[in-house]
Amino acid sequence: AGTVLRTSPEYGRQVSKGSTITIYYASEQELIEVPKLIDENVENAKAILESLNLVLDETIDEKNSDKPKGTIIEQSYAEGEKVLAAVRAAGYSVETRVIADEDWENNWKQYYKPLPIGEKLVVVPAWEEQPADGRVALRLDPGLIFGTGSHATTRMCLAALEKYCSPETTVLDLGCGSGILGIGSLVLGCRSCVGCDIDPKAPDVAMSNAALNGIGSDRFRVYAGDIIGDASLRRELGSGYQLVLANIVSDVIIPLSGYVRQFMAEGSVFICSGIIEGRQDEVSSVLQKNGFEIVTHYCEEEWHCFECR
């Protein structure tokens, strides 16, 4: 069954007092579901989990910002048993039952529903029907890699890019993950998109998601590699893009900003996010030092997004 320890609050919602959190972990033969792990004092439970090197979404730092809200970092069966013992010792009621692997693989899907973003898009899970709301559907399998639309940084980027989409627009998506930003630009009418991500799984995942939207390699290509450290990859990506996107983290955006201009056509736009509260002034200063004018500054929850020229 593998090594699994995850929680599943309502997808994309903040963990709060009164929440019921389900935790799953794997033994060699079975998956255990614990429906009632935390029911009253989230702060106390969080301290217990932190003592075992586990975190709830409220304590996830920028390096773990790709984890879905409410996620507990993956741990082993033995560590799952330690969690249960610690929670019971703290006076919490815990109930368990065995579930099949296939139930685990599909159970989380009930928490992921169509998500309207900006004025035009709705992100639709692959297994859901498109809402009859007149929005443009962006179909996605969110179980593969980071980029579901539920995170504030993704929502801000998608909302910001929609006004730049036209049949003449070419797009470069740096740190593309699931491909959600690039695919979003394509379903909104952009001519073509090139994506790049340091994760070697990204090309297959992003192209699979593109296929869900009827987009093929004639409009979308994805590379795996480190564009900051690999000059040959930067050359391969080319230049002349009207729209460049980067939803990563501050520690990558800062050095990346020194290279982005070489990819851009004259008068093009650079949209970047993944900038957590407390880092926005630092990132803004570096962007301006590298010749960018910040035309719009978005902020949602504890995250920031810059639209630059």
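When all heavy atoms of Cys176 and Val222 are compared, the pair lying nearest together is SG-CG1, 3.7 Å. Across every non-hydrogen atom of Tyr298 and Lys163, the tightest pair is OH-NZ, 3.2 Å. Annotation for Leu138 and Leu158: closest pair CD1-CD2, 4.4 Å, computed over non-hydrogen atoms. Counting all heavy atoms, side chain and backbone alike, Cys165 lies closest to Thr169 at C-OG1, 4.2 Å. In this structure, Arg219 and Gly189 approach most closely via the heavy-atom pair NH2-C, 4.4 Å. For Ala246 against Phe270, the heavy-atom pair with the smallest separation is CB-CE1, 3.8 Å.
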Q) When you look at Gln288 and Ser284, which way does the side-chain hydrogen bond (donor to acceptor under 3.5 Å, both in side chains) test go after all the steps? A) CA-CA 6 Å; Gln288 292 175 77; Ser284 171; 2.9 Å; yes

Q: Dump the intermediate steps for side-chain contact (heavy atoms from CB on, under 4.5 Å) on Leu245 and Asn247, then the final yes or no.
A: CA-CA 7 Å; Leu245 312 168; Asn247 183 22; over 6 Å; no

Q: For Val187 and Leu121, run side-chain contact (heavy atoms from CB on, under 4.5 Å): C-alpha distance rounded to whole Å, both residues' side-chain angles, the deciding distance at 0.1 Å, then the answer.
A: CA-CA 9 Å; Val187 299; Leu121 280 173; 3.7 Å; yes

Q: Begin from the C-alpha positions of Phe263 and Leu237 and carry the test side-chain contact (heavy atoms from CB on, under 4.5 Å) through to its verdict.
A: CA-CA 8 Å; Phe263 300 118; Leu237 294 177; 4.0 Å; yes

Q) Taking it one step at a time, do Ser178 and Leu140 satisfy side-chain contact (heavy atoms from CB on, under 4.5 Å)? A) CA-CA 8 Å; Ser178 68; Leu140 204 71; 4.2 Å; yes

**Q.** Derivation of the side-chain hydrogen bond (donor to acceptor under 3.5 Å, both in side chains) call for Ser268 and Gln242
**A.** CA-CA 4 Å; Ser268 60; Gln242 282 81 39; over 6 Å; no

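Of the possible donor and acceptor atoms, none in the side chain of Arg309 sits under 3.5 Å from a partner among the backbone N and O of Phe292. Checked by atom type and distance alone, the side chain of Ser257 pairs as donor or acceptor with a backbone atom of Ile254 at under 3.5 Å. Side chain of Asn209 to backbone of Asp141: a donor-acceptor contact under 3.5 angstrom is found. Judged by distance alone, the side chain of Arg234 and the main-chain N or O of Ile228 form a donor-acceptor pair under 3.5 Å. No donor-acceptor pair under 3.5 Å is formed between the side chain of Ser285 and the backbone N or O of Asp281. Listed for the Gln130 side chain is no donor-acceptor partner under 3.5 Å among the backbone atoms of Val124. At distances below 3.5 Å, not a single donor-acceptor pair connects side-chain atoms of Arg221 with backbone N or O atoms of Ser192. Formation of a donor-acceptor pair under 3.5 Å by the Arg139 side chain with backbone atoms of Gly214 is not found in this model. A donor-acceptor pair under 3.5 Å links the side-chain atoms of Asp197 to the main chain of Gly177, judged by distance alone. Checking side-chain atoms of Asn213 against main-chain N and O of Ile215 turns up no donor-acceptor pair under 3.5 Å.
Among Glu307, His304, Gln280, the single residue meeting the side-chain hydrogen bond (donor to acceptor under 3.5 Å, both in side chains) criterion with His297 is His304.
No continuous path of hydrophobic side-chain contacts links Ile198 to Val205 [ILVMFWY only; heavy atoms under 4.5 Å]. Leu161 is not connected to Val122 by any chain of hydrophobic side-chain contacts under 4.5 Å among Ile, Leu, Val, Met, Phe, Trp and Tyr, and they are in different clusters. Clustering ILVMFWY residues whenever any of their side-chain heavy atoms sit less than 4.5 angstrom apart, transitively, puts Leu233 in the very cluster that holds Ile248. Phe220 and Leu212 end up in different hydrophobic clusters when Ile, Leu, Val, Met, Phe, Trp and Tyr side chains are linked at under 4.5 Å. No path of Ile, Leu, Val, Met, Phe, Trp and Tyr side chains, each step under 4.5 Å between heavy atoms, connects Val295 with Val244, placing them in separate hydrophobic clusters.
We find the CE-CD1 distance between Met156 and Ile117 to be 11.5 Å, quoted to the nearest 0.5 Å. Atom OH in Tyr164 sits 14.0 Å away from atom CG in Leu188 (nearest 0.5 Å). Remark: Ile227 CD1 to Glu236 CD distance equals 13.0 Å, nearest 0.5 Å. Atoms CG and OH, from Leu174 and Tyr241 in turn, are 9.0 Å apart once rounded to the nearest 0.5 Å. Interatomic distance, CG of Leu243 versus CE of Met264, reported as 8.5 Å (0.5 Å rounding). Rounding to the nearest 0.5 Å places CD1 of Ile275 at 7.0 Å from CG of Leu287.
For the pair Phe306 and Ile271, the minimum side-chain heavy-atom distance is 4.5 Å or more. Contact check for Ser250 versus Glu282: no side-chain heavy atoms found under the 4.5 Å cut-off. Within the 4.5 Å cutoff, side-chain heavy atoms of Pro125 are placed close to those of Pro114.
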